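Here's the structure we're looking at; comments come further down.
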Amino acid sequence: MAKIETISVIEGIRGKLDGTENLVFSKRYGSTYVWEVEPSEKEPTMGQLAQQERFAEAASRAAADMLDLEKKAEWQAVAEASHGKYKTARGAAFAAYYTEIGNE
């Protein structure tokens, strides 16, 4: 993974770049990162598919909470009280939901 200097053209870019499946862009805490991935030739296992579903569900719940100002403020308080464990309200919400879904 390499940190890159951003210009306005790529400032908001995230995810896979169109036309290639090898470059992935991610924005974290104000910095943009890019890395190359090797596509897998194997079919995902049942366990991998279950983890993907768990991740997607937790991300969806956390994103929904960020749209509700009261819930967002509650998660922000959790993040601030975590002494650096969670840097954002969304991160705190995601971690809680990911754990909750895993314990169901």
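Every heavy atom of this structure was used, including side-chain atoms; hydrogens, water molecules and symmetry mates were not. Given the structure is predicted, the values throughout are model-derived calculations rather than measurements.
T99 contributes a side-chain N or O that, together with a main-chain N or O of A95, makes up a donor-acceptor pair within less than 3.5 Å.
Every residue two or more places apart in sequence or in another chain was checked for a salt bridge (Lys or Arg N to Asp or Glu O under 4.0 Å) with K72, and none qualifies. For R61, the side-chain hydrogen bond (donor to acceptor under 3.5 Å, both in side chains) partners are E57, E100, not counting sequence neighbours. Take Q48 and apply the side chain to side chain contact (heavy atoms under 4.5 Å, CB included) test, not counting sequence neighbours, and it matches P44, T45. For Y98, the ring pair (Phe, Tyr, Trp, His ring centres under 6.0 Å) partners at least two apart in sequence or on another chain are F94.
Members clustered with M66: W75, V78, Y97, by chain and number, using a 4.5 Å side-chain heavy-atom cutoff among hydrophobic residues.
By the neighbour-count criterion of 12 heavy atoms within 6.0 Å, atom CG of L67 is densely surrounded, having more than that number from other residues, nucleotides or ligands. Heavy atoms from other residues, nucleotides or ligands lying under 6.0 Å from CD of E41 number 12 at most.
Rounded to the nearest 0.5 angstrom, E53 CD and Q51 CD are separated by 10.0 Å.
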Expected list for residues 84-91: side-chain donor-acceptor pairs under 3.5 angstrom, two or more places apart:
from, atom 1, to, atom 2, distance (Å)
T88, OG1, G91, N, 2.9

